[in-house]
2 protein chains.
Amino acid sequence: MNDEKEVTIYDIARELKLSASTVSRALKGNPIINYKTRQKVAECSEKLGYRTNAFASNLRRKKTNTIGVIVPRLDSHFLSSCLAGMEEVASTNGYNLIIAQSHESSKKEAENAVTMFNNRVDGLIVSLTAENNQPDYFRRFTEKHVPIVYFDRIPAKEDVTCVCANNFEAAYKATHHLIAKGCRRLLHITIPSASNVYADRCQGFEAAAKDAGCIASTLFLPALNMETGRDAANQIGKMSPRPEGIFVANDIAAAGCMLQLEELGIAVPNDILIIGFNNDPICMLVNPPLSSVSYCGRDAGMMAADRLFEMIDNYDFAFQKIIIDTSVIERESSLIKQ
Amino acid sequence: MNDEKEVTIYDIARELKLSASTVSRALKGNPIINYKTRQKVAECSEKLGYRTNAFASNLRRKKTNTIGVIVPRLDSHFLSSCLAGMEEVASTNGYNLIIAQSHESSKKEAENAVTMFNNRVDGLIVSLTAENNQPDYFRRFTEKHVPIVYFDRIPAKEDVTCVCANNFEAAYKATHHLIAKGCRRLLHITIPSASNVYADRCQGFEAAAKDAGCIASTLFLPALNMETGRDAANQIGKMSPRPEGIFVANDIAAAGCMLQLEELGIAVPNDILIIGFNNDPICMLVNPPLSSVSYCGRDAGMMAADRLFEMIDNYDFAFQKIIIDTSVIERESSLIKQ
DNA sequence: ATGAAAGCGCTAACAC
DNA sequence: GTGTTAGCGCTTTCAT
């Protein structure tokens, strides 16, 4: 492909009448090499336009300095914040990130896993699809002692390292918040999913309602977005009696729902209180501002990456569950009643 | 590192009493190899748990099947949509994406460029920082004939391949839209930047205002986000006479500005019309819904990746400027006057 | 402090 | 249709 010959350490060695090994050591700043030699090598490499060949090095060292990331999608605020955090940590540690999206398809996720595996990533960070929370295609990584950190959407089994919120508790708090504002008839809007994220939120909601002796029901949507949020509002419009407080499993759907409720003449928060999840920036843009559960993506990403590097560097595979803080952010959408 | 010996093509060869080259060919489905042999190799490789070693192959082929992407940040809706589009195209073509963020710092961008270069990416997709639109650190790529596609924030010089909107025209259209709604005193809110994105939008704005004989001024903010958008609104509140139509260079700042205007008792669109840029989903969430200029990130990402693969596959380095469609999306924030 | 030599796993030119 | 051979560029013993 490339016309001009690449400069190798042999070229530098020849030029300087040294051996390749000396050059190799000098280039990595190995102090065993005479300081002057190191300087000469540095100069010469600069002069010749040398660049290290990562594969040759990888091939030799059996290490890629690359970590793989598999996420359901890239274009969500939460996930891209997570990635931003991971990228920061990775680049500080001299690692690259290779990123793939599963598009919520377990099949695509398996394919991504194979690619990552063949690319010999030194570690893997994964957020699972909503479709499958006990995939078996990551087994080969653990078999080869390639560490995996799951984040946000974690597998059902216990013997993994993961970073996530305590979704049960977070949902409990969110629901409790509605109850504290005087709501007795509660509705939870979510998707049917075995994933910890949705299942735990659902259970947290039910537990909080039960503990307070409230009437709770759950509305399952095919997906959680603006559209489906609006559909949910239309259904709520027809309910009788209507719920007094709604806890939606993500902010986008909550926002869609709220907008549509307003259009139906159902006022938030006067007629219905509503709270979302994720504390997406949109919460502060909608009117009224949307209460939500805050959960910092960038931190989650950084913690996942930090833990992964610990595992890689210390060859330490102890399973660990890292819980991210969540807190209820009260805004106008849930503030009036009391 | 890894305890168990990795299985190589030699192991398969030994097992099957074949040569490594035959195995290599068989594994890539080379039709010159006997069908039965291919099958046997496939079975055996499966049985032994063989996985291809990408470095060894890369080292040999001098090709990485990896493309590098450098973006200012990951956690913006527009950019993550672009990435999603690129990832789709890349993965269809059997390529991986390695992604780095410059955090709007030219220094970090240069570092990223070095990393990508050393990792021998087969091609590069870049959106520049707002800080520097004529970086020299990508020169080494072109010198080595590694194709680069710039997107969105492109360099000042002409001899590059890029994918972007015609920001001048888009801004002209947006401004003209305000004028058509009856605005005579116009304000543009942006950041000081030599980048095509902001400079061209600014010029488009000025040209449209001038062509219509309107009074135009520009407010430069230190950044374009919710906060600074609100600051802008505070400044607008003190202006006299007040502008009648505002064109903001991105939607987040536009939304922040609009919210703050409302808080100051300045009604949108009754007192002031406003239009943003990017058609971010938040446009439909704010109240009133925000007019904007639509510009599809996913398409831009896909087009950039498509063009890059063309350059890689056909060894074709003709410079090409691909213009993405933009259109003014009229929503309530600019609809009343006429 | 430096060098010689072997080998990481794969591919491709060239044989047969 | 299959095998032989050499080499991609680097790192790492082991010598000296």
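Chain letters run A, B, ... following the sequence lines, proteins first and then strands; every chain starts at 1.
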### Task
Select base, sugar-phosphate, or nothing to describe what A:Tyr10 touches, counting heavy atoms under 4.0 Å on all strands.
base
### Electrostatic pair B:Glu104:B:Arg153 at N-O distance under 4.0 angstrom
yes
### Task
Return no unless some side-chain N or O of B:Lys62 is found under 4.0 Å from OP1 or OP2 of D:dG9.
yes
### Query
Looking at A:Tyr50, does any N or O in its side chain come under 4.0 Å of the phosphate oxygens OP1/OP2 on D:dC10?
yes
### Nucleotide of D:dT11, C:dA1, C:dA12 approaching A:Asn34 most closely (side-chain heavy atoms)
C:dA1
### Query
A:Ser21 side chain N/O closer than 4.0 Å to the phosphate oxygens (OP1, OP2) of D:dT11?
no
#### Entry: Short N-O contact, A:Lys47 and A:Glu43, less than 4.0 angstrom
no
## Note on the structure
B:Ile32 CD1 to C:dA12 C1', in whole Å, measures 12 Å
### Query
Quick one: A:Asn118 CG to C:dG9 C1', roughly how many Å, whole number?
14 Å
### Interatomic distance where CD1 belongs to A:Ile9 and P belongs to D:dG7 [whole Å]
17 Å
### Query
When only distance counts, do a donor and an acceptor, one from the side chain of A:Thr22 and one from the base of C:dA1, lie under 3.5 Å apart?
no
## Note on the structure
Taken to the nearest whole Å, NZ/A:Lys36 to P/C:dT2 is 12 Å
### Task
Side chain of A:Arg61 only, please: which of D:dT2, D:dC10, D:dT12 is the nearest?
D:dT12
### Query
Between A:Ile33 (CD1) and D:dT12 (C1'), how many Å, whole number?
13 Å
### Phosphate OP1/OP2 of C:dG3: any A:Lys17 side-chain N/O under 4.0 Å
no
### Query
Please give, in whole Å, the distance from D:dC10 P to B:Leu59 CG?
9 Å
### Query
When all nucleic acid strands are considered with a 4.0 Å heavy-atom cut-off, which category describes A:Ser24: base, sugar-phosphate, or nothing?
base
### Summary
Whole-Å distance, B:Arg60 CZ to C:dT11 C1', equals 4 Å
### Query
Ignoring hydrogens and angles, does a donor from either the side chain of B:Arg25 or the base of D:dG3 sit under 3.5 Å from an acceptor on the other?
yes
### Query
In whole angstrom, what separates A:Lys40's NZ from C:dT2's C1'?
12 Å
### Message
Below the 4.0 Å mark, does C:dT11 have OP1 or OP2 next to a side-chain nitrogen or oxygen of B:Lys28?
### Response
yes
### Task
Mind listing the closest non-hydrogen atom pair of B:Ser102 and B:Lys108 along with its distance?
O-CB, 3.5 Å
### Query
Does the gap between the ring centers of B:Phe78 and B:Tyr295 come in under 6.0 Å?
yes
### Message
Any carboxylate oxygen within less than 4.0 angstrom of a Lys/Arg side-chain nitrogen, looking at B:Arg307 and B:Asp316?
### Response
yes
